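Any value given below was found using the heavy atoms of this structure, including those in side chains, with hydrogens, waters and symmetry copies removed. Since the structure is predicted, the reported quantities are computational estimates derived from the model, not experimental observations. So that the names make sense, note that chain A is the first sequence line, chain B the second, and so on, each numbered from 1.
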2 protein chains.
Amino acid sequence: MTETNLKPRRYRGASGDQRRAERCQQLLDAGLYVFGDIGYPASSVRSICAAAGLTERYFYESFANKEALLAKVYQAQTDYLKEIMLCAFAKAERNSEAFARAGLHAFFDTLQDKPAVARLLLFEILGVSDTLDQLYYEAMEEFAVLIRSLASSLGLADISARPNQDIIYAGLVGAVIQIARRWALTGYSDPIDAIINSSLFLFVATANYAAPTV
Amino acid sequence: MTETNLKPRRYRGASGDQRRAERCQQLLDAGLYVFGDIGYPASSVRSICAAAGLTERYFYESFANKEALLAKVYQAQTDYLKEIMLCAFAKAERNSEAFARAGLHAFFDTLQDKPAVARLLLFEILGVSDTLDQLYYEAMEEFAVLIRSLASSLGLADISARPNQDIIYAGLVGAVIQIARRWALTGYSDPIDAIINSSLFLFVATANYAAPTV
DNA sequence: AACATTTGACAACACAGCATGTCACTTTAC
DNA sequence: GTAAAGTGACATGCTGTGTTGTCAAATGTT
């Protein structure tokens, strides 16, 4: 009897699900910009709702709490970045170096153009909770897979012959991420080409080095 | 007239400064273990004081706030790590590989032995505040210098000939840090030798690769 | 012994944040 | 037109935290 919400009405020409999804998206957008602007710890649910033009009730309609929003925003942005990079790979001419350069360019270009995304991905995600740390780990692994597929596309098989590839690919991802962090922390003062070339150098050096000892 | 604390007395056989320094150290220790155990955001000043066996008043005697304590703890631990590594370098035989391996071993061994240190250094420091992010940046730069001096000791001059060495060294530091993060997040399940060898591989590959193109 | 300082346990206060609730006002459905 | 659902602005309860204050017991000084 007390079960009320059986049929959500249409409202302003949109169904209940549509409105809900739209609000959720507004919150995701607002979350990105508030988290990325003032940082996760300083961001309050209220300020996020204000930025989204919604009230707090709708926040808890879509997300259990602030941390859940951060998780979704993070996933959305990492997915977006991967998409951007895959798109860049697809458009690049199938020359080894141009291929890799296109992916790196897409990555760093996005970070430079969207400081909020950079801050969120590079700084705000770690140390919030075990759950978020785990999300970070998974995202890094996915980027490692991306790089690995890139490497095999480049025909650089040397790494694949080594034991503990996973660790090495994780290291390469970490190198790029750290270069990006440094870049952001120094106000993007280095030219993007220097950033890209240096990252590329690490990749190529690692891939081309036929390990003798170790 | 109201200036009371002109001469601190001796108490339990220690001078005022000694007692103050001792309390400060207790708080630093407690901060490390509480931050490293339950994470910075979840750590309260009260719980840190309880762990230190002190009351809150003494907290604010030594530190302006929780963030200031984190900064000091972080600095103390990075200094400690650098010391450990320098010590390992000093003891290692002057063979290129053994040299590098000794430093990496010291680094990873410390992290494995002291999960609190690992969590603090690898996860808790980022995204807290701009000040702390800056501290992270500086610490990473110092580790980069350490690696650079290691590289020149090894007589690997290839990197030094390249432009934007800073970026490349930052990348290498990032690679090691990321490998450590991944190791920690997977419960240190990889054997430490695999971790060290993979890190070393990245170093040696980078150093030995005579860049042709790029 | 008598008094001042140091300490520790704890109370008190202000404040901010999360999460939920209230209520008048719009928009839709019938 | 009327009733019900949706919405938005705001209020409320609650919890935790930072920070300061109180006071008796312990320790040192004279």
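The nearest whole Å value for the distance from the CZ atom in Arg20(A) to the P atom in dA5(D) is 15 Å. One atom, CD of Glu22(A), and another, P of dG6(D), lie 16 Å apart when rounded to the nearest Å. Straight-line distance from the CG atom of Asn65(A) to the P atom of dT15(D): 18 Å, rounded to whole Å. Atom P of nucleotide dG28(D) and atom CD of Gln18(B) are separated by 13 Å, given to the nearest angstrom. Across the protein-nucleic acid pair, Lys66(B) atom NZ and dA16(C) atom C1' stand 14 Å apart, rounded to whole Å. Atoms CG (Leu70(B)) and P (dG18(D)) sit 13 Å apart, rounded to a whole Å. Rounded to an integer number of Å, the gap from CG of Leu69(A) to P of dC18(C) is 11 Å. Phe63(A) has its CZ atom 16 Å from the C1' atom of dA19(C), to the nearest Å.
The base of dA4(D) is paired with the side chain of Arg9(A) by a donor and an acceptor separated by under 3.5 Å.
With Tyr40(A) as the aromatic partner, Lys66(A) meets the cation-pi criteria of under 6.0 angstrom to the ring centre and within 45 degrees of the ring axis.
Of the residues in residues 24-45 of chain B, none has a non-hydrogen atom less than 4.0 angstrom from any atom of DNA chain C.
Residues Asp79(A) and Gln75(A) have side chains that never bring a donor and an acceptor to within less than 3.5 angstrom of each other.
Between Asp109(B) and Lys114(B) there is no salt bridge, since no side-chain nitrogen of the basic residue lies less than 4.0 Å from a carboxylate oxygen of the acidic one.
Residue contacts for Ala50(B): at a heavy-atom cut-off of 4.0 Å it reaches no nucleic acid atom on any strand shown.
For OH of Tyr33(B), the number of neighbouring non-hydrogen atoms (other residues, nucleotides, ligands) closer than 6.0 Å is 12 at most.
Of all heavy-atom pairs spanning Glu124(A) and Pro41(A), the tightest one is OE1-CD, 3.6 Å. Between Phe89(B) and Gly103(B), the closest heavy-atom pair is CE2-CA, 3.4 Å. Across Arg10(A) and Arg19(A), no two heavy atoms sit closer than the pair C-NH1, 3.7 Å.
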Using nucleotides 7-13 of chain D, report all nitrogen or oxygen pairs with the protein that are shorter than 3.5 Å.
from: dT7(D); atom 1: OP1; to: Arg19(A); atom 2: NE; distance (Å): 2.6
from: dT7(D); atom 1: OP1; to: Arg23(A); atom 2: NH1; distance (Å): 2.9
from: dT7(D); atom 1: OP2; to: Arg23(A); atom 2: NH1; distance (Å): 3.1
from: dT7(D); atom 1: O5'; to: Tyr58(A); atom 2: OH; distance (Å): 3.3
from: dG8(D); atom 1: N7; to: Arg57(A); atom 2: NH2; distance (Å): 2.6
from: dG8(D); atom 1: O6; to: Arg57(A); atom 2: NH1; distance (Å): 3.0
from: dG8(D); atom 1: O6; to: Arg57(A); atom 2: NH2; distance (Å): 3.4

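Looking at Thr186(B), Leu111(B), Leu121(B), Leu122(B) one by one, the single match for side-chain contact (heavy atoms from CB on, under 4.5 Å) with Arg181(B) turns out to be Leu122(B).
Using modelled atom types, no side-chain atom of Gln134(A) and backbone atom of Thr131(A) make a donor-acceptor pair closer than 3.5 Å.
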